[in-house]
S.K.: 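Structure provided below as structure tokens; questions to follow.
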Amino acid sequence: MNRSKNLQRLQNETFDICIIGGGASGAGCALDAALRGFKVALIEKKDFASETSSKSTKLIHGGVRYLEQAFKNLDFAQLKQVRHGLEERQIVLQNAPHLARPLPLLTPVFSWFEGLYFTIGLRMYDFFAKGDALPKSRWLSKKETLLRMPSLDAKKLHSAVLYFDGQLDDARYCLALAHAAEEAGVAVANYTELVGVKKDTNGKLTEAQVRPTEGEATFGIKAKLFINCTGALADHVRLMANPKLSKRIRPSKGVHVVLPYEVLKSDDAMLIPKTSDGRVVFAIPFEGQLLLGTTDTDYKDLDKEPILDDKEVDFLLDTLTRYLARRPDKSQVKAGFGGLRPLLAASESASTKKLVRDHEVEHDPTSNLVSLLGGKWTTYRYMAKDTIDKACELLSVDRECTTAQHVLVGGEDYAFEDWKIIQTVYRLAKDIAKNLIRKYGSRAHKVARLTQENILWAQRLVDKYPFIQAEVIYQVREEMALTLRDVFARRTRLEILDWEAVLEALPIVADLMAQELGWTTEQKQQQIDEYTAQLQSFIKSAQ
């Protein structure tokens, strides 16, 4: 992706559609619109997936909890949400097989009746997922369960129910969407902030005033239609376009902690169906660690990044402990993160855990702004389809959506076993070769080839992880990485795996980025100081 050329395009061309927001929904809309033949611009205030889209539980699912609520409350909106989620689950898996894969999940139970209850529920889940390639659920004996997850408390355990959903690397999946959109003709730019709008005499939007954050002057992007895909911040853009609109988004904060793999000792995930805050919690193997979350609380201060605090760490550890033979210690927490869910507002009294993770495409006839509101990661493509269908209606064209069959960047001709070729040709360690294939798919060879340009780039960023220096070079040249956090949080994912490892690798990555981006010594030190302070604040808050 070439940001400089795209910024020139944004300044000099007129577009059919300008999409504001570079998360999963915005990038999904951009790709869909481009494949339908529209001339499209996509801008993001920070980095792609820097907000909600990189801070999910990394699951692709229909929502077991929504299914339970649908039947308990006779709520057919919840049932529709499950059906759409399960339909999209298979598409997410097939369109980027290097970034998404099936994941077995266990639900431990403490009685025969509890096991029967969950077995019936998951059989219904299977029924709504009929036709996909994932294995069906089954009830496991106590012995089978402990073989799969030996860390469970054998004294309490009766049995478990096994079912399958999908797992994805959310930030890199979003990046693959943005990359695919650019290759389909979209002018894509991160770090390009919307600061104002221009309207015609009838009050309709004609131009988005934007400011690249590295200090260039503000300029206007001209388009026939503007689409707001800013998630939890959607009301800010809606009210900028039309101050008379009422707010529609009620943000909910969710947090996750990261623990050593040994805490669960399993390649299966665990669904914890009952918690004191009224929602489910997942314990999921991710990138060699254990991801545990999430919570669900109201969040008001949208100017501050939601972060993990010590009380939330205690809640999650307490929740997991009920199932384990040994309680994980707080000192074992290696990293964590907080994120916001853009829930559609119901009444002020309704708790966020009871709000449906559905979406709505809103058209404001006064400003002509289209806003994609609500939704969840699994259904990003379906949400984008609805949105671009609306764009077609407003622009008086009739073009079909083709994204269900569009393989994303890195998914073309993907074969996981190609890691062996990379290992042999480029003389890389097995874990490094496997990581390259999983992160970059069929384009892993382009990353590995950089080690021949400079042999030092074959070295690891930090000894205990498979990330190498060549990845940083590739991420700057091909993936629009502009800051240290872009590399650590959303491209290698090391920030959500191990805070101490990030601090160790910081000087090396800063040197590499400074060489590629032409940072001065002062700029490089500023990047290091600011990011170090941010990481230290995360560590302090979680203790």
Side-chain angles (χ1 to χ4, degrees), residues 58 93 96-104 147-150 166-173 175-176 258-269 284-291 334-335 408-479 481 487-498 500-502 504-505 508-509 512:
K58 325 301 179 205
L93 290 168
H98 57 306
L99 298 172
R101 56 194 60 88
L103 177 71
L147 284 172
R148 298 185 73 109
M149 198 170 284
Q167 181 177 45
L168 83 168
D169 184 332
D170 51 6
R172 289 207 62 87
Y173 205 108
L175 184 66
V258 175
L259 299 163
Y261 174 87
E262 290 70 31
V263 169
L264 204 59
K265 296 179 185 174
S266 177
D267 292 330
D268 296 346
I284 297 172
F286 181 74
E287 298 282 342
Q289 310 298 331
L290 177 65
L291 181 66
K334 302 180 72 173
L408 302 184
V409 166
E412 324 93 329
D413 302 316
Y414 169 73
F416 175 67
E417 292 303 311
D418 282 355
W419 70 264
K420 296 174 183 176
I421 299 173
I422 289 176
Q423 180 188 29
T424 302
V425 171
Y426 301 100
R427 299 180 180 179
L428 296 171
K430 180 178 179 180
D431 63 331
I432 291 173
K434 286 185 173 182
N435 175 68
L436 291 177
I437 281 288
R438 288 193 178 111
K439 285 281 192 297
Y440 307 94
S442 56
R443 305 202 180 186
H445 293 271
K446 295 183 71 174
V447 185
R449 204 171 295 129
L450 291 169
T451 63
Q452 297 179 332
E453 182 179 329
N454 185 332
I455 189 62
L456 294 177
W457 292 347
Q459 295 180 0
R460 296 174 190 260
L461 298 179
V462 60
D463 286 343
K464 54 188 174 182
Y465 289 96
F467 314 122
I468 60 174
Q469 295 184 24
E471 292 182 73
V472 180
I473 304 301
Y474 182 83
Q475 289 159 8
V476 171
R477 292 180 183 178
E478 302 289 339
E479 296 183 343
V487 168
F488 285 112
R490 291 172 288 277
R491 286 164 183 77
T492 63
R493 313 314 310 274
L494 192 55
E495 182 189 295
I496 66 169
L497 299 177
D498 191 331
E500 295 297 338
V502 174
E504 184 181 339
I508 297 170
V509 175
L512 293 168

S.K.: With heavy-atom distances below 4.5 Å as the criterion, would you say the side chains of R449 and H445 are in contact?
M.R.: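 Yes. Closest side-chain heavy atoms under 4.5 Å.
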S.K.: Do the side chains of L103 and K58 get nearer than 4.5 Å, heavy atoms only?
M.R.: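 Not touching, per the 4.5 Å side-chain cut-off.
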S.K.: Indicate yes or no: at least one non-hydrogen side-chain atom of Y426 is less than 4.5 angstrom from one of I432.
M.R.: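 SC-SC contact between Y426 and I432 ruled out.
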S.K.: Please report the interatomic distance CG(L436) to CD1(I468), rounded to the nearest 0.5 Å.
M.R.: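 With rounding to 0.5 Å, CG (L436) is 5.0 Å from CD1 (I468).
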S.K.: Decide, yes or no, whether a salt bridge links E287 with K439 under the criterion of side-chain N to carboxylate O below 4.0 Å.
M.R.: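 Result for this pair is yes, salt bridge flagged.
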S.K.: Is it true that a side-chain atom of S442 and a backbone atom of E412 form a donor plus acceptor pair closer than 3.5 Å?
M.R.: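 Yes; judged by distance alone, with no hydrogens or angles, the pair exists.
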S.K.: Quick one: does I437's side chain get under 4.5 Å of K434's, heavy atoms only?
M.R.: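 Result no, sub-4.5 Å side-chain heavy-atom pair not found.
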S.K.: Going by heavy atoms in the side chains, are F416 and H98 under 4.5 Å from each other?
M.R.: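 SC-SC contact between F416 and H98 ruled out.
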S.K.: Looking at every non-hydrogen atom in both residues, tell me the closest pair between L450 and A470 and how far apart they are.
M.R.: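 Heavy-atom minimum between the residues: CD1-O, 3.5 Å.
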S.K.: Evaluate the side chain to side chain contact (heavy atoms under 4.5 Å, CB included) criterion for residues Y261 and D267: first the C-alpha distance (whole Å), next the side-chain angles of each, then the deciding distance (0.1 Å), finally the verdict.
M.R.: CA-CA 9 Å; Y261 174 87; D267 292 330; 2.8 Å; yes
S.K.: Taking the basic N atoms (NZ, or NE/NH1/NH2) and the acidic carboxylate oxygens, is any pair closer than 4.0 Å for R493 and D170?
M.R.: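 Yes, this pair counts.
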S.K.: So does R490 pair up with E495, basic N to acidic O under 4.0 Å?
M.R.: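 Judged by the 4.0 Å cut-off on N to carboxylate O distance, R490 and E495 do not form a salt bridge.
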S.K.: Let me confirm one number: the CG-CD distance from L259 to Q289, rounded to the nearest 0.5 Å.
M.R.: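 One finds 9.0 Å between CG of L259 and CD of Q289.
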S.K.: What's the spacing between R438 CZ and Y414 OH if we round to 0.5 Å?
M.R.: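 Here the interatomic distance stands at 7.0 Å.
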S.K.: Would you say that Y465 contacts N435 through its side chain, given a criterion of any heavy-atom pair below 4.5 Å between the two side chains?
M.R.: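 When only atoms from C-beta onward are counted, N435 and Y465 do not touch, as no gap falls below 4.5 Å.
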S.K.: Taking atom types as modelled, is there a side-chain donor on Y440 or E471 under 3.5 Å from an acceptor on the other?
M.R.: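 Short answer, yes.
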S.K.: Do NZ/NE/NH1/NH2 and the carboxylate oxygens of R491 and E478 come within less than 4.0 Å?
M.R.: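 Salt bridge flag = no for E478 with R491.
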S.K.: Less than 4.5 Å apart, any side-chain heavy atom of E479 and any of R172?
M.R.: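 Contact flag for E479/R172 side chains = yes.
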S.K.: Counting only heavy atoms not in R427, do more than 12 fall under 6.0 Å of its CZ?
M.R.: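 Counting other residues, nucleotides and ligands, CZ of R427 stays at 12 neighbours or fewer.
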S.K.: Can you tell me how far the CZ atom of R460 sits from the CG atom of L428, to the nearest 0.5 Å?
M.R.: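 Answer rounded to 0.5 Å: 9.5 Å.
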S.K.: Atom CZ of F488 and atom CZ of F467: how far apart are they, to the nearest 0.5 Å?
M.R.: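 The CZ atom of F467 is 10.0 Å from CZ of F488, to the nearest 0.5 Å.
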S.K.: Could you check if a side-chain atom of L497 sits within less than 4.5 angstrom of a side-chain atom of F286, using non-hydrogen atoms only?
M.R.: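 Yes, side chains in contact.
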S.K.: For the atom pair CG (D169) and CD1 (I496), what is the distance rounded to the nearest 0.5 Å?
M.R.: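 The CD1 atom of I496 is 7.0 Å from CG of D169, to the nearest 0.5 Å.
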S.K.: Taking all heavy atoms of A269 and all of P285, pick out the closest pair and write down the distance.
M.R.: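 Taking A269 first and P285 second, the nearest heavy atoms are CA-CD, 3.8 Å.
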